[in-house]
**Student:** 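Take a look at this one; I'll ask things after.
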Amino acid sequence: MAKKMHDTPMLDQLESGPWPSFVTGLKRLAKDNDMMVDLMGQLEHSYKTKKGYWKGGTVGVFGYGGGIIPRFTELKDENEKPIFPDAAEFHTLRIQPPAGMHYNTDVMRKFCDIWEKHGSGLIAFHGQSGDIMFQGASTANVQPAFDELNELGFDLGGAGPAVRTSMSCVGAARCEQSCYDEARALRTVVNNFLDEMHRPALPYKFKFKFSGCPNDCVNSIQRADMAVIGTWRDNIQTDEVLAKQWFAKHGMDELVNNVISRCPTNAISLKETAKVSKGEGISSVALNDTHSVEITNHDCVRCMHCINVMTGALAPGNDKGATILMGGKRTLKIGDLMGTVIIPFMKLESDEDYEALIDLGGRAIDFFAENALEHERTGEMIERIGLVNFLEGMGIDVDPNMVSHPRTNPYVRMDGWDEEVAKIEQKKANAA
Amino acid sequence: MAELRQPIESGVPDHVQYLHPVMKKNYGNWKYHDRPRPGVLHHVAKSGDEVWTVKAGTARQMDVYTIRTLCDIADQFAEGHIRFTVRSNIEYMVSEASKVDPLIKALNDKGFPVGGTGNSVSMIAHTQGWLHCDIPGTDASGAVKALMDDLHEEFIKEEMPHRVKLTTSCCEINCGGQGDIAIIIQHTKPPKINHDLVANACERPTVVARCPVAAIRPALVNGKPSLEVDEKKCICCGACFPPCPPMQINDPEHSKFAIWVGGKNSNARSKPTFHKLVASGIPNNPPRWPEVSAIVKQILSAYKEDARDWERISDWIDRIGWPRFFEKTGLPFTKYLIDDWRGSRNSLNASTYIRF
């Protein structure tokens, strides 16, 4: 039995209703846990005053410089004594999950046992960067909790100016749209930069994210300094049995209004089967005895819409890989930025392909470490120095896939034009 | 003192050890999927193997008793394996269709809503708030709980035109991220500076450099080195607060909620989009934030009624135009919604495209 609960009339109002209540969970923990009794006291106080009362500090585990989020209460009485003393320290351990966030019940129960022993008993699955957040440990208990989690096969994630914990979609484990082994890519890449994760020394955070297709289920384009998004180069694959099944169920109206007219580049048309084009770059599949859809793959931008609607009937091609975008981030300081294309396509099949991905990540981190200002993200740095300077620093050739359109103003000094053309011609000649 | 234990720098654990056996066997070889009912996905592998996934909502911040209950359900009604989505939904995988209904019943009996698939409103991607953040303008778990109570029916059904992703954020850093609808704290007053503390708590050049509009400068206040803010220039973003807590930006009365719509991460149909500001001045009103819920429901109801199949909120607005968005949702279009930040002219209508 823990000490007496504080009155929490405001939090109590979050126990009703059909959605699972975290307050009910906190109360259950508080029955046996003084830290949770006082945590609820402080949270109720925040609800009353509409203010937060945590401050950071320096708490860590031996051997690492980051990965713990320290929290000390700022709610103190006139003698500087914490008003809720048992929750005066309420630190979080950020623990990296397996890619795809797969678990079995055995390991989940072990998490619970460890956290019941050393912490508050409150765990978040997962934080916005993907960490399992073990929330609520005293300073003294951080190290033993980490030691047990570490022995179980888990390691701290990133915090501060460091490579951060990463996320991938479910991908190859269960999704037919997967264009590479997302989990392998995540694990291979992140585990090569653990030093940069555990010993923060970058200008600011650096995030990798891995989505298996352009549906981008882990929101990589808007949230990652380096987004690896699956795609393919060859033709969309088709399956006549599934296409006919789809058409029989959904009919012509849905085909026209939901599939054909929603193609962003008009790459799909409805054709009489006898009139379907033949040749390289064309996919087609019969929908019934008379009609087919025809896809001009060179016009297709791999947006995924038709494949999402007619899953199985249409599918990503066989020559799969990924597009790499860099510089995505959220608001502060200069406003939200999308990642932009840096590598239009790279294969991700062989060990060498994954080595190349690690190499690219390493070059991006090195360039960022050397060139970004303090507290500047990759995207802000690219905006400040210009994409071309970034590419030159990275040793990557320009490519029209990197822009929405060429420059619309003449404000640029161009006396190097002939040399650039000569270089491009030379490269073409060398490649031929 | 005992010898300190060196960490095992193991990094990301191997996922394969935790995969459901059918997923392990068919890794990278899936053929298609369908949705037999809301909350259930049915994936078919090229080998012909099938797996059914039952998705349920959680509170994200969970106590060990709740987690053990979820594990008991996995052991009794599923096959001992679970995974989480990026929106904190839990997924159970089973290899036989006959296990789906008992699993759903077990989840519902314990109070976990089954849904979040297809054209539903899924769980809100959210942040820490007053529970654990050092700079929050509001709570996260409570606001999300209140809103998901209100949107419960839309979670367990698939009645929206397309999927709806919601996010909440407790400051303008926007940790919740882009969303079809994003609910984000918007400060409306410059920071209140405790000049007694600045010199000891803040690295002043860092704070000056953090301001997006160069409104902060070093100053001597009451004989102490401090910082001052040009309040005419200040955009109340709160960027100075994390590096300098004595520059208090959170204000119980003047920190409001703003609502943004049309964020889309997927490339489907159109390039990914940022969400756009459509409402502000909404009070920060715990414990259930009813004013926020009301506006979110207003937007969702207009979208549900008017959007066509496969239109996300951004696609819907692309078709009907912003004037009709404001008309249909009843939200006022104020001068604050016209952008004046860098690149803002790109957001102006440089055409005669006007819908009548």
Side-chain angles (χ1 to χ4, degrees), chain A residues 10 13-14 17-20 22 25 28-29 46-47 50 52 54-56 62-63 96 98-105 108-109 112 116 121 124-125 128 147 150 153 155 172-174 176 183 187 190-191 194 214-216 218-219 221-222 258 262 264 303-305 311-312 330-333 336, chain B residues 4-13 15 18-19 23 27-28 30-32 43 58-61 63-68 71 74-75 80-84 86 130 134 136 141-142 145 148-149 152 172-175 177-178 212 239 252 265-269 272 274 284 286-287 309-310 341:
Chain A
M10 292 188 89
Q13 294 177 54
L14 289 168
W19 195 258
F22 73 106
R28 176 65 190 84
L29 290 170
S46 280
Y47 270 64
K50 305 188 196 179
W54 298 111
K55 66 174 178 186
F62 179 69
Q96 295 184 74
M101 297 164 172
H102 302 274
Y103 303 97
N104 57 32
T105 53
M108 292 292 286
R109 290 182 199 279
C112 291
E116 198 167 44
F125 290 94
Q128 287 298 316
D147 288 343
N150 195 210
D155 198 0
R174 200 194 56 204
E176 67 273 15
R187 189 162 182 244
V190 171
N191 285 357
L194 291 177
N215 283 322
D216 197 3
V218 293
N219 306 351
I221 196 167
Q222 291 175 334
N258 292 351
R262 290 207 181 279
C303 88
M304 295 302 294
H305 176 75
T311 166
R330 291 188 310 260
T331 312
L332 298 177
K333 162 181 173 178
D336 293 77
Chain B
L4 289 163
R5 174 188 171 278
Q6 283 289 346
I8 303 163
E9 208 151 346
S10 50
V12 183
H15 58 287
Y18 300 118
L19 288 177
M23 287 158 73
Y27 197 88
W30 295 92
K31 174 72 179 163
Y32 72 96
H43 285 86
T58 75
R60 186 176 91 142
Q61 250 86 13
D63 60 288
V64 292
Y65 304 99
T66 299
I67 297 168
R68 287 179 183 132
C71 288
D75 288 335
H81 292 266
I82 59 166
R83 69 173 294 271
F84 289 90
V86 293
W130 290 327
D134 57 341
S141 316
K145 155 73 178 155
M148 287 312 292
D149 278 342
H152 173 257
E172 288 172 36
I173 292 173
N174 184 210
C175 292
Q178 297 287 328
N265 301 295
S266 170
N267 286 269
R269 299 170 304 286
F274 288 130
N284 183 10
D309 289 356
W310 296 94
W341 188 242

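Protein chains get the first letters and strands the later ones, always in sequence-line order, with residue 1 at the start of each.
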**Student:** Among A/Pro20, A/Ala99, A/Gly56, which residue has the highest count of heavy-atom pairs closer than 4.5 Å to chain B?
**Tutor:** A/Pro20

**Student:** Is any side-chain heavy atom of B/Arg5 closer than 4.5 Å to one of A/Phe62?
**Tutor:** no

**Student:** Any idea which heavy atoms bring A/His102 and B/Met23 closest together, and the distance?
**Tutor:** CE1-CE, 3.5 Å

**Student:** Please check if the side chain of B/Arg83 supplies one atom and the backbone of A/Tyr103 the other of a donor-acceptor pair under 3.5 Å.
**Tutor:** no

**Student:** For B/Pro286 and A/Tyr47, work out which heavy atoms get closest and say how close.
**Tutor:** CG-O, 3.3 Å

**Student:** Counting N and O atoms only, with roles assigned by atom type, does the side chain of A/Asn150 sit under 3.5 Å from a partner on the main chain of B/Ile8, one being a donor and the other an acceptor?
**Tutor:** yes

**Student:** Set out, in order, the CA-CA distance, both residues' side-chain angles and the distance that settles salt bridge (Lys or Arg N to Asp or Glu O under 4.0 Å) for B/Asp75 and A/Arg109, then state yes or no.
**Tutor:** CA-CA 11 Å; B/Asp75 288 335; A/Arg109 290 182 199 279; 2.6 Å; yes

**Student:** Charged N to carboxylate O below 4.0 Å: is that the case for B/Asp134 and A/Lys55?
**Tutor:** no

**Student:** When you measure from the side chain of A/Arg262 to the backbone N and O of B/Arg269, does any donor-acceptor pair fall under 3.5 Å?
**Tutor:** no

**Student:** Do A/Pro18 and B/Asp149 touch side chain to side chain, with heavy atoms closer than 4.5 Å?
**Tutor:** yes

**Student:** Return the option, out of A/Arg28, A/Met304, A/Met108, with the maximum number of heavy-atom pairs under 4.5 Å with chain B.
**Tutor:** A/Arg28

**Student:** With a 4.5 Å cut-off on heavy-atom pairs, point out which of B/Thr66, B/Ile173, B/Val86 contacts chain A the most.
**Tutor:** B/Ile173

**Student:** Of all the heavy-atom pairs spanning A/Cys112 and B/Ile67, show the shortest one and how long it is.
**Tutor:** SG-CG2, 3.5 Å

**Student:** Can you tell which of A/Met10, A/Arg174, A/Arg187 has the highest number of heavy-atom pairs within less than 4.5 Å of chain B?
**Tutor:** A/Arg174

**Student:** Is the backbone of B/Val12 close enough, under 3.5 Å, to the side chain of A/Asn191 for a donor and an acceptor to pair up by distance?
**Tutor:** yes

**Student:** Does any N or O in the side chain of A/Asp155 come within less than 3.5 Å of the main-chain N or O of B/Ser10, such that one atom is a donor and the other an acceptor?
**Tutor:** yes

**Student:** Which heavy atom of A/Asn104 sits nearest a heavy atom of B/Tyr18, and at what distance?
**Tutor:** ND2-CD2, 3.6 Å

**Student:** Relative to chain B, which of A/Ser46, A/Gly63, A/Pro264 shows the most heavy atom pairs under 4.5 Å?
**Tutor:** A/Ser46

**Student:** Where does B/His43 contact chain A at under 4.5 Å (heavy atoms): side chain, backbone, both or neither?
**Tutor:** side chain

**Student:** Between B/Phe274 and chain A, with a heavy-atom cut-off of 4.5 Å, which part of the residue counts as in contact: side chain, backbone, both or neither?
**Tutor:** both

**Student:** Could you pull out the closest heavy-atom pair between A/Gln96 and B/Pro13, with the gap in Å?
**Tutor:** O-CD, 3.7 Å

**Student:** Hey, what do you get for CZ (A/Phe22) to CZ (B/Arg60), rounding to the nearest 0.5 Å?
**Tutor:** 11.0 Å

**Student:** Given a strict heavy-atom distance threshold of 4.5 Å, which part of A/Leu194 is in contact with chain B: side chain, backbone, both, or neither?
**Tutor:** both

**Student:** Specify which of B/Gly28, B/Cys175, B/Ser141, B/Ala239 makes the most heavy-atom pairs with chain A at under 4.5 Å.
**Tutor:** B/Cys175

**Student:** Looking at A/Gln13, A/Arg330, A/Met101, which one has more heavy-atom pairs under 4.5 Å with chain B than the rest?
**Tutor:** A/Arg330

**Student:** When you measure from the side chain of A/Trp19 to the backbone N and O of B/Ala59, does any donor-acceptor pair fall under 3.5 Å?
**Tutor:** no

**Student:** In chain order, what residues pass the salt bridge (charged side-chain N to carboxylate O under 4.0 Å, His left out) check against A/Glu116, with sequence neighbours excluded?
**Tutor:** B/Arg68

**Student:** Looking only at side chains, do A/Asp336 and B/Gln178 share a donor and an acceptor under 3.5 Å apart?
**Tutor:** yes

**Student:** Check the orientation of A/His305 and B/Trp310. Use parallel for under 30°, tilted for 30 to 60°, and perpendicular for over 60°.
**Tutor:** perpendicular

**Student:** What part of B/Trp130 gets closer than 4.5 Å to chain A, counting heavy atoms only: side chain, backbone, both or neither?
**Tutor:** both

**Student:** Angle between ring planes, B/Phe84 versus A/Phe125, binned at 30° and 60°: parallel, tilted or perpendicular?
**Tutor:** parallel

**Student:** Return the minimal non-hydrogen interatomic distance between B/Tyr65 and A/Leu29, and the atom names on each side.
**Tutor:** CE1-CD2, 3.7 Å

**Student:** May I ask you to name which of A/Asp216, A/Val190, A/Thr331, A/Asn219 has the most heavy-atom pairs under 4.5 Å with chain B?
**Tutor:** A/Asn219

